[in-house]
**Q** 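Please find one structure pasted underneath; my questions will follow.
In what follows, chains carry the letters A, B, and so on, assigned in the order in which the sequence lines appear, proteins first and then strands, with residues in each chain numbered from 1. It should be emphasised that the depicted structure is a prediction, and the values quoted were computed from it without experimental measurement.
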Amino acid sequence: MSENPNNSSNFIKHIVKEDLAEGTYDHIVTRFPPEPNGYLHIGHAKSIVLNFELADEFNGETNLRFDDTNPLKEDQEYVDAIKEDIEWLGYEWEGLRYASNYFDEMYNQAVILIKKGLAYVEDLSQEEIREYRGTLTEPGKESKSRSRSAEENLELFEKMRNGEFANGEKVLRAKIDMASPNINLRDPVIYRISHTPHHNTGEKWCIYPMYSFAHPLEDAIEGVTHSICTLEFEDQRPLYEWVVENCEIDAEPKQIEFARLNLTNTVMSKRKLKQLVDENYVDGWDDPRMPTISGLRRRGFTPESIKTFCREIGVSKADNLVDVRMLEHFVREDLKLTSPRTMSVLRPLKVVITNYPEGEVEWLDADINPENPEMGTRKIPFSREIYIEQSDFMENPPKKYFRLFPGNEVRLKHAYFIKCNEVIKDDEGNVVELHCTYDPETKSGTGFTGRKVKGTLHWVEATHAKEAEFRLYNSLIDDEKSGDDFLDFVNPDSLEVAHGYVEPNMEEAKAHDKYQFFRHGYFNVDPKETTAYKLVFNRIVELKSSFKL
RNA sequence: AGGGCUAUAGCCAAGCGGUAAGGCAUCGGAUUUUGAUUCCGUGAUUCGCAGGUUCGAAUCCUGCUAGCCCUGCCA
């Protein structure tokens with residue numbers, strides 16, 4: 001993966017360049033450290049692209065490390081999904097690591113801290129610890145446990161490990177400074193008791209290290225040089241440095257924080273995404289409306305479009321809210337040259353071409369992609385009966401309506417000009433069919449220039465048409481709404497289902513095939529719902545349009 | 001308010017003492033058998049505000065303002 005073009009600069013690259021120039025490190029190692037407690041989303045993609053491509057650019061390497069120090073929330077299902085997503089994006093990790101594989105080493109380091117008088121076993125309850133911690137404006141106070149001897153602490157810590165205490169009965173704390181203005185330094189808890197089996201280590205441990213103690217050790221053990229995380233960990237950097245300095249481990253990783261991605265009309269927290277899944281607002285983590293990697297994949301976004309997006313938004317420390325339209329821009333750009341064009345009618349209106357011979361079918365040539373002629377041509381049938389889009393006809397059109405209306409002539413893409421002569425309605429006055437005439441002179445490809453029409457419509461021949469289902473997605477979350485709870489922002493119209501027709505050659509369409517439906521947008525063959533008997537397409541994104549009714 | 005961080009166009013963002021890149025969005029115009037694409041044009045005398053240093057400041061200094069984060073035995 002060496003031809004990822006990213007000429008842009010950011011503050012982390014500056015740091016790396018300087019570290020390399022000054023010899024602080026002779027090569028760099030980064031890591032992507034997800035906790036396996038949920039699915040990856042586009043925000044994680046930003047971090048993945050940053051970590052993998054940064055290392056790649058400076059000839060370093062990147063580990064995938066599962067930060068699995070809290071068995072209560074973690075699950076193998078998530079580790080499998082996370083690996084699949086990273087591979088799908090196209091990255092290869094140097095090492096596949098688990099924080100849980102370092103539990104022995106972490107335990108040893110805790111013992112070292114105790115021996116140095118830098119950690120102690122706390123007797124206080126959770127609530128008491130909170131009270132003793134003080135507040136943002138008042139210092140904390142020291143508990144009696146703080147002055148226990150190293151010997152006694154060693155003994156108690158061993159008992160913690162051996163399961164001699166219940167959850168919450170004891171805890172191991174770093175001895176730093178109860179009066180620190182940085183609350184993270186007021187003797188933070190570094191080990192807690194949790195009689196919970198772990199997806200990797202099983203029943204081996206009943207004490208688990210806390211993030212703030214575990215993470216710097218994980219980085220140090222792996223030789224990570226630049227430990228990149230998000231802004232909310234900034235206050236923990238002094239603690240990170242304290243652990244690196246006071247534990248006996250021969251490596252000096254440094255923590256660098258950047259601003260996480262926020263997207264308009266999108267929620268990005270795992271907690272909220274999980275709630276949408278659990279409460280059935282969506283079909284699952286991979287619902288095409290979800291900002292998860294698996295959701296975007298099922299929707300039809302390409303790895304390249306996601307990566308380009310992540311490179312283009314840049315990396316900084318300023319809180320940001322990126323317009324989703326930027327993401328959409330990059331899929332369109334990627335799919336423009338690679339996706340076959342095809343004509344699909346999402347909401348059909350039958351058209352009878354009254355002067356076209358009954359029973360006759362002609363097969364017309366059509367480019368597969370006019371912007372990429374190498375993709376060749378396809379054959380499409382044409383006959384007396386076709387379907388056009390309901391929205392391409394108006395009985396009483398406004399000005400500047402280029403489509404079909406009584407007396408108007410339009411072009412059928414790849415076929416002929418047709419003129420609308422008669423509108424057939426049902427008892428309720430709904431338009432159910434149009435009678436048109438065609439002009440054989442105007443056949444596409446013949447170079448007819450006799451007269452011009454303003455509109456070109458897509459269509460599907462009626463007798464060969466194949467039925468299909470179309471899932472038209474709108475934002476799952478609507479920022480324009482108001483409310484206190486994020487659920488108040490859920491868009492009730494995030495999914496519309498339409499049933500219409502596609503060209504007969506679409507019979508070959510396979511899961512994840514991507515097409516540009518002429519004048520509609522880009523669509524992906526849904527991998528879960530499509531069967532031999534039923535084609536289901538997910539709308540990835542609409543084509544841009546300056547048309548307003 | 002104790003600590004930490006941030007502030008450049010509607011949204012991202014480069015810039016690192018020498019006179020404001022780029023992308024998205026928007027709006028014009030040309031081309032067009034996709035109201036698409038493509039092309040061309042479009043916006044900061046100014047970088048949160050106020051002072052100061054300097055021949056010269058978005059960049060350095062001081063003060064102020066606004067926003068975000070921190071009082072889990074979550075990560």
**Q** Establish whether the base of B:U38 is bridged to the side chain of A:Glu371 by a donor-acceptor pair shorter than 3.5 Å.
**A** no
**Q** Under the 3.5 Å rule, do the base of B:G4 and the side chain of A:Arg237 count as making a donor-acceptor pair?
**A** no
**Q** Can a side chain N or O of A:Lys336 be found less than 4.0 Å away from OP1 or OP2 on B:U34?
**A** no
**Q** For A:Phe157 together with A:Tyr107, are the ring centres under 6.0 Å from each other?
**A** yes
**Q** Taking atom CZ of A:Arg378 as the centre, does the number of heavy atoms from other residues, nucleotides or ligands within less than 6.0 Å exceed 12?
**A** yes
**Q** Does the side chain of A:Arg130 get closer than 4.0 angstrom to OP1 or OP2 of B:G72 through an N or O atom?
**A** yes
**Q** Would A:Tyr39 and A:Tyr78 count as a close aromatic pair, with their ring centres under 6.0 Å?
**A** yes
**Q** Where does RNA chain B form stems of at least three consecutive Watson-Crick or G-U wobble pairs, each pair having both distances below 3.5 Å?
**A** B:2-7 with B:65-70, B:10-12 with B:22-24, B:27-30 with B:38-41, B:48-52 with B:60-64
**Q** Using whole Å, report how far CZ of A:Arg271 lies from P of B:A75.
**A** 17 Å
**Q** So does A:Lys544 get a side-chain nitrogen or oxygen closer than 4.0 Å to the phosphate oxygens (OP1/OP2) of B:A25?
**A** yes
**Q** Do A:Ser444 and B:U33 have a side chain to base donor-acceptor pair shorter than 3.5 Å?
**A** yes
**Q** Verify the distance criterion only: is there a donor paired with an acceptor across the side chains of A:Gln255 and A:Ser227 at less than 3.5 Å?
**A** no
**Q** At less than 4.0 Å, is any side-chain N or O atom of A:Ser9 found next to OP1 or OP2 of B:G15? Yes or no.
**A** yes
**Q** Would B:G43 be called syn or anti here, given the cut-off of 90° from 0?
**A** anti
**Q** With a 3.5 Å cut-off and just heavy-atom distances, do the side chain of A:Arg332 and the base of B:U37 make a donor-acceptor pair?
**A** no
**Q** Mind calculating the distance between CZ (A:Arg451) and P (B:U33) to the nearest angstrom?
**A** 15 Å
**Q** Do the numbers put A:Arg403 on top of the ring of A:Phe547, so that NZ or CZ is under 6.0 Å from the six-membered ring centre and no more than 45° off the axis?
**A** yes
**Q** Please confirm whether A:Arg539 makes a cation-pi placement over A:Phe470, using NZ or CZ under 6.0 Å from the six-membered ring centre and within 45° of the ring normal.
**A** no
**Q** Measure NE2/A:His215 against P/B:C74 and give the value in whole Å, please.
**A** 17 Å
**Q** Does the ring centre of A:Phe233 sit less than 6.0 Å away from the ring centre of A:Tyr211?
**A** yes
**Q** Take atom P in B:C27 and the same atom in B:U32, then report the distance between them in whole Å.
**A** 23 Å
**Q** Give me the residues of residues 159-170 of chain A where at least one heavy atom lies under 4.0 Å from an atom of RNA chain B, by number, or none.
**A** A:Gly168
**Q** In whole Å, what separates the C1' atom of B:U33 from that of B:C24?
**A** 30 Å
**Q** What integer distance in Å separates A:Asn320:CG from B:C24:C1'?
**A** 14 Å
**Q** Side-chain donor or acceptor of A:Asp319 under 3.5 Å from a matching atom on the base of B:G67?
**A** no
**Q** Hey, which of these two, A:Thr446 or A:Pro209, hits RNA chain B nearer its 5' end, going by closest nucleotide?
**A** A:Thr446
